Amino acid sequence: MENFTFVNETKIIFGKDTENQVGMETVKYGKRVLLHYGGGSIKKYGLYDKILKSLKGAGLEIIELGGVQPNPVLSLAKKGIDICRKEKVDFILAVGGGSVIDSAKIIAVGVPYSGDVWDFYIGKAVPEKILPVGVVLTIPASGSESSTSAVITNEKGLYKKGLESGLLRPNFAILNPEITYTLPPYQTACGATDMMAHIMERYFTAVKNVDLTDRLCEGALKTVINNVSIVLKEPENYNARAELMWAGAIAHNNLLGTGRIGDWASHKIEMEISGVYDLAHGAGLAIILPVWMKYVYKKDVERFAQFAVRVMDQEPDFYDMEKTALKGIDRLKEFFKGIGMPVTLKEADIPYDRLEEMASKCTESGPVGNFVKLDKDDILAILEMAK
Ligand code: NZQ
Ligand code: ZN
């Protein structure tokens with residue numbers, strides 16, 4: 001096991017009606033709030049009114065910025081930064097999913113910085129200050145509600161990149177599973193796939209002697225697999241929605257990564273796809289993960305066989321571990337198909353004419369992945385296998 005320091009300062013407020021506490025929580029940090037949200041689902045399903053009531057009830061001034069799109073863009077975050085400076089905003093409240101939360105984090109880190117916020121993404125600057133951020137989560141998926149990352153697409157060049165900093169963990173996150181009842185099946189499945197990817201990126205590690213976190217990862221993966229299947233049939237099953245919502249946060253708050261070195265190549269490859277083609281992140285991961293697994297499994301056949309047996313319920317073939325490992329990958333692919341995810345680029349209508357460009361951009365700063373280091377040719381091979 002590797003040395004580690006684990007801190008997760010995000011206060012999680014979980015359960016029915018908890019969104020009504022948002023005013024009470026926010027008032028601990030600020031007076032003038034930027035209410036940041038997406039394309040309208042919060043208005044359509046009544047959450048917006050509840051949030052306004054709670055914020056106003058706590059005596060807060062509200063400035064609004066909606067319109068965050070899935071795969072959020074830098075230009076809107078920059079607009080948010082300008083608004084916050086002009087209006088002297090001292091708190092950012094994200095009501096939505098990963099896209100809204102990430103946009104809110106970028107605004108929060110951009111306001112106190114005198115340069116261009118993109119500097120943080122290209123290694124020209126490191127965040128030192130941030131405005132406080134709160135979250136009311138509407139889709140369990142990205143884990144951004146308690147993660148240290150913020151992902152954004154710069155429309156100039158369609159660069160989709162992530163920023164990592166301990167400062168980016170929100171101060172609080174409100175998680176009411178009932179709010180997720182209105183999620184369309186496709187978004188529910190994309191969310192579950194993303195959570196699984198966050199766990200698997202950590203699970204496939206070259207670090208030895210990580211039994212506790214192996215077992216936590218396996219338990220979390222099985223929880224997601226079991227409960228996504230339930231909610232796709234019963235969208236208003238509170239307990240299954242609750243399991244998924246909590247799993248989404250646990251999957252990416254890095255508890256499951258303690259003592260390990262995660263891989264993250266599948267995420268890097270996927271971000272090239274969703275950055276250029278605006279595909280839902282989870283759908284892109286369903287295409288890439290099984291292909292990545294087939295490309296690298298020989299590095300540690302035993303670990304892949306363990307995944308097959310403990311997570312995908314594959315009968316072990318004690319005489320042929322490799323067969324067991326490969327069957328586990330096939331089962332995972334079938335599972336993704338079963339929940340309505342695309343598993344090839346073709347199924348997601350991604351054309352093949354920019355694969356080389358994506359492989360180049362993906363490896364611009366050097367090889368990606370830690371379980372196995374992958375260079376441009378490897379990434380291109382994986383994208384070719386994903387056709
Ligand atoms: O925009 P609205 O109208 O709200 O609709 C959204 C959006 O269309 C809809 N939705 C959300 N909650 C709903 C709902 N519809 C009905 N009922 C509800 N309760 O769902 C759609 C997708 O929302 P989005 O926020 O894009 O989804 P997600 O949470 O999957 O976020 C994806 C983004 O997060 C990034 C991804 O790359 C992508 O840009 N990630 C962020 C991470 C982080 N910061 O730690 C880690 C992840 O690996 C990921 O990269
Ligand atoms: Zn992800």
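Keep in mind that this is a model prediction, so the values were computed, not measured. Whatever order the structure lists ligands and atoms in, that order sets their numbers, starting from 1.
Checked by distance only, ligand 1 and Gly98 come closer than 3.5 Å through their nitrogen or oxygen atoms. Residue-to-ligand polar distances keep Tyr45 apart from ligand 1: every N/O pair is separated by 3.5 Å or more. The shortest N or O to N or O distance between Ile139 and ligand 1 is not below 3.5 Å. Of the polar atoms of Val100, none of the N or O atoms is found under 3.5 Å from an N or O of ligand 1, judged by distance alone. Where the criterion is an N or O separation shorter than 3.5 Å, residue side chain and backbone included, Thr138 meets it with respect to ligand 1.
The OD1 atom of Asp194 and the NE2 atom of His267 subtend an angle of 120° at the Zn ion (ligand 2), given to the nearest 10 degrees. The Zn ion (ligand 2) is the vertex of the angle joining NE2 of His198 and NE2 of His281, which measures 170° to the nearest 10°.
The pair Lys222-Asp313 meets the salt-bridge criterion, since a charged nitrogen lies less than 4.0 angstrom from a carboxylate oxygen. Salt-bridge formation is not detected for the pair Lys361/Glu364: no Lys NZ or Arg NE/NH1/NH2 atom is positioned less than 4.0 Å from an Asp or Glu carboxylate oxygen. Remark: Arg303 engages Asp214 in a salt bridge, criterion side-chain N to carboxylate O under 4.0 Å. Ion pair Lys31/Glu61 not flagged as a salt bridge, since none of the NZ, NE, NH1 or NH2 atoms sits closer than 4.0 Å to an Asp/Glu carboxylate oxygen. Classification of Glu9 and Arg169 as a salt-bridged pair fails, no side-chain N sitting under 4.0 Å from a carboxylate O. Using a 4.0 Å cut-off between a side-chain N of Lys or Arg and a carboxylate O of Asp or Glu, Asp330 and Lys294 qualify as a salt bridge. Between Lys323 and Asp317 there is a salt bridge, with a side-chain nitrogen of the basic residue lying less than 4.0 Å from a carboxylate oxygen of the acidic one. Between Lys78 and Asp116 there is a salt bridge, since a side-chain N of the basic residue sits under 4.0 Å from a carboxylate O of the acidic one.
Counting atoms of ligand 1 from 1 in the listed order, those under 4.0 Å from a heavy atom of Ser147 are 43 (C), 44 (N), 45 (O). Here is the list of ligand 1 atoms found below 4.0 Å of a heavy atom in Thr182: 16 (C), 17 (N), 18 (C), 19 (N). Within ligand 1, counting atoms from 1 as listed, the ones closer than 4.0 Å to a heavy atom of Gly38 are 1 (O). Shown in contact with His198 at under 4.0 Å from a heavy atom are these atoms of ligand 1, numbered in order with element: 46 (C), 47 (C), 48 (O). Set against the non-hydrogen atoms of Pro70, the atoms of ligand 1 under 4.0 Å away are 7 (C), 8 (O), 26 (O). Against a heavy-atom cut-off of under 4.0 Å, Asp194 is close to the following atoms of ligand 1: 47 (C), 48 (O). Remark: ligand 1 atoms within the under-4.0 Å shell around heavy atoms of His252 are 45 (O), 46 (C). Those atoms of ligand 1 with a heavy atom of Pro72 less than 4.0 angstrom away are 39 (O).
Contact annotation for atom 36 (C) of ligand 1: protein present (non-hydrogen atoms, distance under 4.0 Å). Protein heavy atoms are found inside the 4.0 Å sphere centred on atom 14 (C) of ligand 1.
Under a 4.0 Å heavy-atom criterion, Cys190 is not in contact with ligand 1. The shell of residues lying under 4.0 angstrom from ligand 1, judged by heavy atoms, includes Lys160. Using a 4.0 Å heavy-atom cutoff, Glu270 is absent from the residues neighbouring ligand 1. Residue Gly40 places a heavy atom under 4.0 Å from ligand 1. Not close to ligand 1: Ile42, with no non-hydrogen atom less than 4.0 angstrom away.
With Tyr121 as the aromatic partner, Lys161 does not meet the cation-pi criteria of under 6.0 angstrom to the ring centre and within 45 degrees of the ring axis. Both tests pass for Lys16 against the ring of Tyr238: distance under 6.0 Å to the centre and angle within 45° of the axis. Remark: Lys129 fails to qualify as a cation-pi partner of Tyr113 under the 6.0 Å distance and 45° angle criteria applied to the six-membered ring.
At a cut-off of 2.8 Å, Glu270 does not coordinate the Zn ion (ligand 2) through any N, O or S atom. For His252, every N, O or S atom stays at 2.8 Å or more from the Zn ion (ligand 2).
In the model, Lys160 has a side-chain atom that pairs as donor or acceptor with a side-chain atom of Ser274 under 3.5 Å. No hydrogens or angles considered: a donor-acceptor pair under 3.5 Å links the side chains of Asn254 and Arg202.
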| said: Run the side-chain hydrogen bond (donor to acceptor under 3.5 Å, both in side chains) test on Gln314 and Thr324 for me, step by step, so that the C-alpha distance in whole Å, both residues' side-chain angles and the decisive distance to 0.1 Å come before the verdict. | reply: CA-CA 7 Å; Gln314 174 60 41; Thr324 306; 5.9 Å; no
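The protein non-hydrogen atom at the shortest distance from atom 26 (O) of ligand 1 is Ser99 OG, 2.5 Å. The single protein non-hydrogen atom nearest to atom 22 (C) of ligand 1 is Gln187 OE1, 3.5 Å, given as residue, atom name and distance. Looking from atom 5 (O) of ligand 1 to the surrounding protein, the closest heavy atom is Ser41 OG, 3.9 Å. When hydrogens are left out, the protein atom nearest atom 50 (O) of ligand 1 is His281 NE2, 3.4 Å; that is the closest non-hydrogen contact.
For atom 1 (O) of ligand 1, the candidate residues are Gly39, Gly97, Ser142; the nearest heavy-atom contact is made by Gly39. In the candidate list Val73, Asp278, Asp102, Val68, Asp102 is nearest to atom 41 (C) of ligand 1, counting heavy atoms.
Summarising the local packing, CD of Glu347 is surrounded by more than 12 heavy atoms from other residues, nucleotides or ligands at distances under 6.0 Å. Within 6.0 Å of atom OH in Tyr319, 12 or fewer heavy atoms from other residues, nucleotides or ligands are found, so the atom counts as exposed in its surroundings. Within 6.0 Å of CD on Glu356 lie no more than 12 heavy atoms contributed by other residues, nucleotides or ligands.
For the side chain to side chain contact (heavy atoms under 4.5 Å, CB included) with Ile62, the lone residue among Leu52, Val89, Thr26 that qualifies is Leu52.
Counting heavy atoms under 4.0 Å from ligand 1, residue Met271 does not touch it at all. Looking at Ala141 against ligand 1, only its side chain comes within 4.0 Å, counting heavy atoms. Using a 4.0 Å cut-off between heavy atoms, Lys44 makes no contact with ligand 1 at all.
Linking Ile, Leu, Val, Met, Phe, Trp and Tyr whenever their side-chain heavy atoms come within less than 4.5 Å leaves Ile230 and Leu183 in two separate clusters.
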